[in-house]
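Note on naming: letters A, B, ... go to the chains in the order of the sequence lines (proteins, then strands), and numbering restarts at 1 for each one. The figures here come from the full heavy-atom set of this structure, side chains too, leaving out hydrogens, waters and symmetry mates.
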Amino acid sequence: MPELPEVETVRKILNTIVPGATIIDVIVHKKNIIVGNAKVFRKTLIGQTFNEVKRVGKYLIFTFNSDLVMLSHLRMEGKYIEVLQGEDDSRYARVIFVLDDGRRLCYDDSRQFGTLELSTTDKYRHTKALQNVGPEPFDINPLDYFNKIKGRQTPIKQTLLDQKLMSGLGNIYVDEVLYLSKIHPETPTNMLGLMGIKTLIAQSVKVLEKAIIAGGTTVRTYSPAQGVHGNFQQQLNAYGKAYQRCPLCNFRFKKIFVGGRGTTYCPSCQRNPARALTIAITGQKASGKTVISNYLRSQGEVVIDTDNLAKTLYKDIETTRELEDILGVKLHDNESFKIHLLREYLAENAHDIKKVNDFIHPLVKKEMEHMIKTSKVDKIYFEVPLLFSHKVYELFDFMIGVEVSVETQATNLKKRGDTLLINADAAYMKNRHRLDLIIVNDGTVDQLIEKFKAFKV
DNA sequence: GTTCTTACCTGACAGC
DNA sequence: TGCTGTCAGGTAAGAA
């Protein structure tokens with residue numbers, strides 16, 4: 001994903017390849033890459049000799065031995081590949097510049113998000129594209145930036161990604177900057193003071209400078225050019241580290257979505273001042289979750305039981321009617337929902353349990369989100385047996401799992417005459433690597449509580 | 001003016 | 001094995 005350091009790396013490579021070369025033909029395989037008329041684009045470029053390649057934000061600025069300028073944005077997958085005489089064009093060559101010395105410069109872009117646009121030396125700064133490019137962190141005046149953004153309520157991550165306000169940061173580096181600044185990505189922008197903004201700009205400069213020296217970052221499908229790999233991925237602290245341990249606090253990095261972007265942060269180092277800390281208590285069936293919940297309540301903590309939340313949903317006639325339609329079976333008697341009818345149906349039609357879960361769990365998740373958003377306390381616990389269903393775990397900063405031996409579990413289940421239809425243990429076992437703390441409940445209730453007390457946030 | 005949503009596009013990968 | 005759905009994310013455009 002080309003952000004400022006990757007674009008700078010591409011610029012440096014291009015300056016060793018293109019200056020002095022004259023374009024004798026332009027082959028446009030995909031017209032949608034070109035801003036404006038592709039025929040005019042081709043005709044204008046033929047006969048032009050490349051000069052220096054410059055950069056503004058994430059735009060490459062190709063100059064020529066004339067007043068012509070070509071603006072190139074790589075977007076997601078764009079790259080330039082030099083092809084020597086006799087070699088094949090690159091796999092996703094969308095626009096090919098045929099040079100007078102037999103080489104070909106391929107603009108390669110599998111996803112075709114990139115753009116190429118012609119302008120002139122005196123006009124390109126005023127094109128619509130560059131009008132939307134704000135100052136880079138190296139040049140920005142912190143007070144000006146602060147004054148522009150201080151009224152915004154959007155998460156700071158989205159503000160930092162807004163190229164009009166400040167250019168250069170993309171999804172990878174913004175996570176790094178926020179982690180190093182110890183600022184939660186969802187912190188409302190207007191909750192950060194001038195000092196916070198100054199910290200973010202200073203860290204942006206540091207991160208981008210280091211990344212430029214390392215030649216950018218090579219992740220997933222992106223590398224700056226064929227055979228060229230940046231090394232900054234080895235220095236990444238947060239990006240791509242979801243559910244690994246934070247080296248500073250040993251809690252696990254979490255992954256959430258901010259403005260639709262995958263976001264990794266450390267919930268312990270990066271606290272969100274705008275909402276309560278969220279802690280999930282999950283575990284195998286009959287493992288002792290409720291014992292911990294009751295202990296927390298006795299200590300004055302707020303603990304929400306998600307099983308009860310689900311039961312509340314069954315009191316809403318619109319919800320139960322919808323469930324009735326989904327299953328195609330009668331669940332009401334005298335306009336009143338009867339849970340025993342659902343239980344009886346599922347006992348005989350176990351394959352429909354998934355249908356019920358797919359309907360109920362998202363509703364429970366939504367209700368939980370609402371509770372977190374509107375909560376006035378600074379810490380809120382949820383007892384969540386099905387934490388790993390429908391990505392409910394994304395709601396939590398911290399997660400604790402309680403486990404028991406098979407024998408103890410069997411004894412506990414027998415004691416309470418358990419008739420649960422839903423088996424959560426498989427999902428739990430598959431996802432337990434995401435948990436911050438696993439408590440093995442192999443002793444007395446007091447011993448279980450003592451083990452839980454080791455968890456401190 | 002701000003905020004949110006959708007579209008652009010295709011390869012990689014997980015899950016069934 | 002093959003199919004389907006989801007995710008990756010920079011930016012523009014339009015709606016709210």
Write down the protein N/O and nucleotide N/O pairs, taken from nucleotides 14-16 of chain B, whose separation is under 3.5 Å; answer none if there are no such pairs.
none

Parallel, tilted or perpendicular for [X] and [Y], by the 30°/60° rule?
X	Y	value
A/Tyr243	A/His433	perpendicular
A/Phe396	A/Phe382	perpendicular
A/His73	A/Tyr59	perpendicular

Q. Just one of A/Arg275, A/Lys254, A/Arg271 clears the salt bridge (Lys or Arg N to Asp or Glu O under 4.0 Å) bar with A/Asp397, so which one?
A.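 Result: among A/Arg275, A/Lys254, A/Arg271, A/Arg275 is the only option passing the salt bridge (Lys or Arg N to Asp or Glu O under 4.0 Å) with A/Asp397.
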Q.
Judged by each residue's nearest nucleotide on DNA chain B, which is more toward the 5′ side, A/Tyr92 or A/Lys148?
A.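 The residue closer to the strand's 5' end, by nearest nucleotide, is A/Lys148.
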Measuring to OP1 and OP2 of [N], would you say a side-chain N or O of [X] lies under 4.0 angstrom away?
X	N	answer
A/Lys30	B/dC8	no
A/Asn171	C/dA8	no
A/Lys255	C/dA8	yes

Q | Partner residues of A/Asp144 under the side-chain contact (heavy atoms from CB on, under 4.5 Å) criterion, sequence neighbours left out | A |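 side-chain contact (heavy atoms from CB on, under 4.5 Å) check on A/Asp144 returns A/Asn141.
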Q | Sorted by number, the residues of residues 187-211 of chain A with heavy-atom contact under 4.0 Å to DNA chain C | A |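 By residue number: none to list.
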In whole angstrom, give the distance that lies between atom [atom1] of [X] and atom [atom2] of [N].
X	N	atom1	atom2	answer
A/Glu394	C/dT6	CD	P	14 Å
A/Ile33	B/dC9	CD1	P	9 Å
A/Leu74	B/dC9	CG	P	18 Å
A/Leu160	C/dG10	CG	C1'	15 Å
A/Ile172	C/dA8	CD1	P	12 Å
A/Asp109	C/dA8	CG	P	19 Å
A/Gln112	B/dT10	CD	P	5 Å
A/Met76	C/dC7	CE	C1'	10 Å

Q. Do A/Ile304 and A/Glu383 have side-chain heavy atoms sitting under 4.5 Å apart?
A.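 Not in contact.
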Q: Flag the pair A/Arg75 / A/Thr115 as yes when at least one side-chain heavy-atom distance between them is below 4.5 Å, and no otherwise.
A: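 Of all side-chain heavy-atom pairs linking A/Thr115 with A/Arg75, at least one is under 4.5 Å.
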Q) Any Lys/Arg nitrogen of A/Glu318 or A/Arg321 sitting under 4.0 Å from an Asp/Glu carboxylate oxygen of the other? A)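 A/Arg321 and A/Glu318: not salt-bridged.
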Output one line per pair: protein atom, nucleotide atom from nucleotides 3-5 of chain B, and distance, for all N/O pairs under 3.5 Å.
unit_1, atom_1, unit_2, atom_2, d
B/dT3, OP1, A/Gln153, N, 2.8

Q.
Suppose we screen for salt bridge (Lys or Arg N to Asp or Glu O under 4.0 Å). Which residues come up paired with A/Glu403, at least two apart in sequence or across chains?
A.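 Residues passing salt bridge (Lys or Arg N to Asp or Glu O under 4.0 Å) with A/Glu403: A/Arg432.
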Q: Please name all residues satisfying salt bridge (Lys or Arg N to Asp or Glu O under 4.0 Å) with A/Asp108, sequence neighbours left out, ordered by chain then number.
A: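 Checked A/Asp108 against salt bridge (Lys or Arg N to Asp or Glu O under 4.0 Å); zero matches.
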Q: Sequence neighbours left out, what pairs pass ring pair (Phe, Tyr, Trp, His ring centres under 6.0 Å) with at least one residue falling in residues 250-286 of chain A?
A: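 Non-adjacent pairs meeting ring pair (Phe, Tyr, Trp, His ring centres under 6.0 Å): A/Tyr179-A/Phe253, A/His184-A/Tyr265, A/Phe251-A/Phe398.
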Q) For residues 24-44 of chain A, which residue pairs qualify under ring pair (Phe, Tyr, Trp, His ring centres under 6.0 Å), counting only residues two or more places apart or in two chains? A)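 Sorted result for residues 24-44 of chain A: empty, none.
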Q: Sticking with atom P, work out how far C/dC3 lies from B/dC9, rounded to a whole angstrom.
A: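 It comes out at 24 Å once rounded to the nearest Å.
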Q) Only one of A/Gln203, A/Glu209, A/Lys210 clears side-chain contact (heavy atoms from CB on, under 4.5 Å) with A/Lys206; which? A)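 Among A/Gln203, A/Glu209, A/Lys210, the one meeting side-chain contact (heavy atoms from CB on, under 4.5 Å) with A/Lys206 is A/Gln203.
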Q: Determine, using ring centers only, whether A/Tyr80 and A/Phe62 are less than 6.0 Å apart.
A: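 A/Phe62 vs A/Tyr80: aromatic centres under 6.0 Å.
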Q. Where the side chain of A/Ser110 is defined as all heavy atoms beyond and including C-beta, which of B/dG11, C/dA8, C/dG10 is the nearest nucleotide?
A.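 Ranking B/dG11, C/dA8, C/dG10 by closest atom to the A/Ser110 side chain puts B/dG11 first.
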**Q.** Residue pairs passing the salt bridge (charged side-chain N to carboxylate O under 4.0 Å, His left out) test where at least one lies in residues 153-165 of chain A, sequence neighbours excluded
**A.**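 Listed by first then second residue: A/Arg152-A/Asp162, A/Lys157-A/Asp175.
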Q.
Is it the case that atom CD in A/Gln131 sees more than 12 heavy atoms from other parts of the structure closer than 6.0 Å?
A.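 Enclosed: over 12 neighbouring heavy atoms sit under 6.0 Å from CD of A/Gln131.
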Q: Write out the stems for DNA chain C, ordered by first number and formatted as range with range, counting runs of at least 3 consecutive Watson-Crick or G-U wobble pairs under 3.5 Å.
A: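 Stem segments, range with range: B:2-8 with C:10-16, B:10-16 with C:2-8.
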**Q.** Counterpart residues, side-chain hydrogen bond (donor to acceptor under 3.5 Å, both in side chains), relative to A/Glu176 (two or more places apart)
**A.**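 With sequence neighbours excluded, A/Glu176 shows a side-chain hydrogen bond (donor to acceptor under 3.5 Å, both in side chains) to A/Asn237, given in chain and number order.
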Could you go over nucleotides 11-16 of chain C and give all protein N or O partners under 3.5 Å, atom names and distances?
unit_1, atom_1, unit_2, atom_2, d
C/dT11, OP1, A/His73, NE2, 2.3
C/dT11, OP2, A/Lys58, NZ, 3.3
C/dA13, OP2, A/Lys128, NZ, 2.8

